[in-house]
S.K.: 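Below is the structure I would like to discuss, written out as structure tokens.
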Amino acid sequence: KEKVEITKEQQALMKVIADAYNRHQIPQDVAKKLLQDQYSAEENFLLLTEMATSQVQVLVEFTKNIPGFLSLNHEDQIALLKGSAVEAMFLRSAQVFSKKMPNGHNEVLEDRIRRSGISEEFMTPMFNFYKSIGVLHMVQEEQALLTAITILTPDRPYVKDQQAVERLQEPMLDLLRKLCVLQHPQKPQYFACLLGRLTELRTLNYYHAEMLTSWRMNDHKFTPLLCEIWDVE
Ligand SMILES: CCOC(=O)[C@H]1CN(C(=O)c2ccc(F)c(F)c2)CC(C)(C)c2c1[nH]c1ccccc21
């Protein structure tokens, strides 16, 4: 039975990542707005684009706090952000969605999301992902590290210095592995499970690209920031 312990510098890294993650909480008020009143599909869609836009701003702020990120090549910083934005959105969506809400609220929220002008075929893989994240009952630190690990994926398109990104991602993976052993001693496969979710997350990139084309058909409008990060228009 290996004795797992978190070193001093790993504790420092955990604090930096967790603080950055908590400081940039998505305003849950958009989810509350969606829950409050019955809006039209157009209004739901507008709320969701507002939510996505603020999440991208939050993502950029969080990423800037990842130790070493700002020392990466500038083009690579952009490539990592653009390459991970959709995955980070779905990861955060899953976390917002699986937050314990008063009973019945999750169903109402799911219903509102389903009726926001998005074709049904994308809903199934999306909600399956939310449920597979929900059952893990991740703690905040795990969510923060998993988001940082997603952002620091070396093989994103157009990344030139992949080794530099690996050097930043590896300590996060090592820290997450230790955290999983300490937080979930009864689940030795928990860390492997988390990484499996990152693979599932990548498939949502595909569905998102498909969603975008179907939204463009129904001339849905996006904010300039979303057009930039989602490569629309
Ligand atoms: C955290 C930032 O997430 C988003 O912005 C997602 C939110 N999405 C959710 O499922 C979701 C999860 C929990 C909630 F509480 C909630 F309200 C929504 C996914 C999706 C419907 C695909 C979407 C988002 N933004 C869009 C903009 C235009 C069209 C579609 C979306």
Side-chain angles (χ1 to χ4, degrees), residues 21-63 81-82 84-135 138 140 143-144 146-147 150-151 197 200-233:
Y21 192 74
N22 295 334
R23 202 173 329 123
H24 306 306
Q25 276 292 352
I26 276 277
Q28 310 283 346
D29 52 2
V30 176
K32 284 197 189 74
K33 271 191 221 162
L34 268 176
L35 279 166
Q36 242 148 34
D37 315 315
Q38 178 75 21
Y39 297 110
S40 71
E42 286 71 30
E43 282 156 339
N44 278 356
F45 192 84
L46 214 59
L47 274 174
L48 289 169
T49 40
E50 177 193 320
M51 185 183 209
T53 303
S54 74
Q55 193 265 341
V56 171
Q57 289 153 349
V58 158
L59 177 73
V60 172
E61 282 316 302
F62 172 69
T63 305
L81 268 170
K82 268 181 77 70
S84 63
V86 170
E87 289 177 26
M89 177 190 84
F90 281 118
L91 194 50
R92 174 65 91 172
S93 298
Q95 286 148 10
V96 174
F97 192 78
S98 39
K99 254 194 187 38
K100 199 67 208 93
M101 282 181 248
N103 55 354
H105 279 206
N106 280 74
E107 288 70 24
V108 171
L109 187 59
E110 179 163 340
D111 173 61
R112 295 281 154 83
I113 296 162
R114 284 185 185 281
R115 286 186 304 107
S116 51
I118 302 165
S119 5
E120 187 50 35
E121 69 194 281
F122 309 125
M123 291 292 149
T124 313
M126 191 174 84
F127 284 112
N128 287 346
F129 176 71
Y130 293 173
K131 288 185 180 60
S132 70
I133 288 286
V135 298
M138 279 196 273
Q140 283 272 28
Q143 292 180 13
L146 208 59
T147 304
T150 302
I151 295 161
R197 295 292 170 271
E200 193 180 349
L201 190 53
R202 283 195 179 217
T203 65
L204 294 180
N205 274 315
Y206 162 76
Y207 287 110
H208 186 262
E210 291 292 300
M211 278 192 228
L212 285 178
T213 33
S214 70
W215 290 326
R216 227 174 16 196
M217 303 310 207
N218 328 341
D219 82 345
H220 275 108
K221 285 282 156 278
F222 296 95
T223 60
L225 183 57
L226 286 189
C227 292
E228 182 66 35
I229 206 101
W230 285 358
D231 282 333
V232 287
E233 264 110 18

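Counting convention: from 1, in listed order, for ligands and their atoms alike. Note that this is a predicted model, so its numbers are computed, not measured.
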S.K.: Looking only at side-chain N and O atoms, does E43 offer a donor or acceptor that is under 3.5 Å from a partner on S40?
M.R.: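 Yes.
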
S.K.: Looking only at the aromatic ring of each residue, does the gap between the centers of F45 and F222 stay below 6.0 angstrom?
M.R.: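 Centroid separation for F222 and F45: below 6.0 Å.
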
S.K.: Where on V96 is there a heavy atom closer than 4.0 Å to ligand 1, on the side chain, on the backbone, on both, or on neither?
M.R.: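 Looking at V96 and ligand 1, just side chain atoms fall under 4.0 Å.
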
S.K.: Using a heavy-atom cut-off of under 4.0 Å, does the side chain or the backbone of L226 touch ligand 1, or both, or neither?
M.R.: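 It is neither; nothing of L226 touches ligand 1.
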
S.K.: Atoms of ligand 1 less than 4.0 Å from I118 heavy atoms?
M.R.: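 Listed by number with element, the hits are 21 (C), 30 (C).
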
S.K.: May I ask you to establish whether R92 and Y21 are in a cation-pi arrangement, using a distance under 6.0 Å from NZ or CZ to the six-membered ring centre and at most 45° from the ring axis?
M.R.: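 Geometry flag: set, cation within 6.0 Å and 45°.
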
S.K.: Would you say the side-chain atoms of T53 and T223 include a donor-acceptor pair closer than 3.5 Å?
M.R.: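 There is such a pair between these side chains.
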
S.K.: State the atoms of ligand 1, each with its element, that fall below the 4.0 Å cut-off from a heavy-atom position in L34.
M.R.: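 Answer for ligand 1: 17 (F).
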
S.K.: Using heavy atoms and a threshold below 4.0 Å, how should the contact between M126 and ligand 1 be classified: side chain, backbone, both, or neither?
M.R.: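 Contact part for M126 vs ligand 1: side chain (C-beta onward).
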
S.K.: Any nitrogen or oxygen of W230 lying under 3.5 Å from a nitrogen or oxygen in ligand 1? Just yes or no.
M.R.: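 Among all N and O atoms of W230, none is under 3.5 Å from an N or O of ligand 1.
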
S.K.: Does a salt bridge link E110 with K131, judged by any charged N lying under 4.0 Å from a carboxylate O?
M.R.: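 Yes, E110 and K131 are salt-bridged.
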
S.K.: Answer yes or no: are there more than 12 heavy-atom neighbours, outside E228 itself, under 6.0 Å from its atom CD?
M.R.: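 No, the 6.0 Å shell around CD holds no more than 12 heavy atoms from other groups.
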
S.K.: Has ligand 1 got any nitrogen or oxygen that is less than 3.5 angstrom from a nitrogen or oxygen of A52?
M.R.: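 So ligand 1 has an N or O lying under 3.5 Å from an N or O of A52.
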
S.K.: Y130 heavy atoms, cut-off 4.0 Å: which ligand 1 atoms fall inside?
M.R.: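 Every atom of ligand 1 under 4.0 Å from some heavy atom of Y130: 8 (N), 9 (C), 10 (O), 19 (C).
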
S.K.: Could you list the atoms of ligand 1 found under 4.0 angstrom from a heavy atom of R92?
M.R.: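 This gives 1 (C) as the contact atoms.
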
S.K.: I want to know if ligand 1 touches L48 in the polar sense, i.e. an N/O pair below 3.5 angstrom.
M.R.: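 Yes: some nitrogen or oxygen of L48 is under 3.5 Å from one in ligand 1.
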
S.K.: In terms of side-chain geometry, is the basic nitrogen of E120 or R114 positioned less than 4.0 Å from the acidic oxygen of its partner?
M.R.: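 A salt bridge is present here (some side-chain N lies under 4.0 Å from a carboxylate O).
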
S.K.: So that I can tick it off, tell me whether R23 and E61 are bridged by a salt bridge, with the cut-off set at under 4.0 angstrom between side-chain N and carboxylate O.
M.R.: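 No.
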
S.K.: Pick, from H105, K99, M89, M51, the option with the minimum heavy-atom distance to atom 24 (C) of ligand 1.
M.R.: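 Closest candidate by heavy-atom distance is M89.
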
S.K.: Quick one: which ligand 1 atoms are inside 4.0 Å of a heavy atom on Q55?
M.R.: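 Result: 1 (C), 2 (C).
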
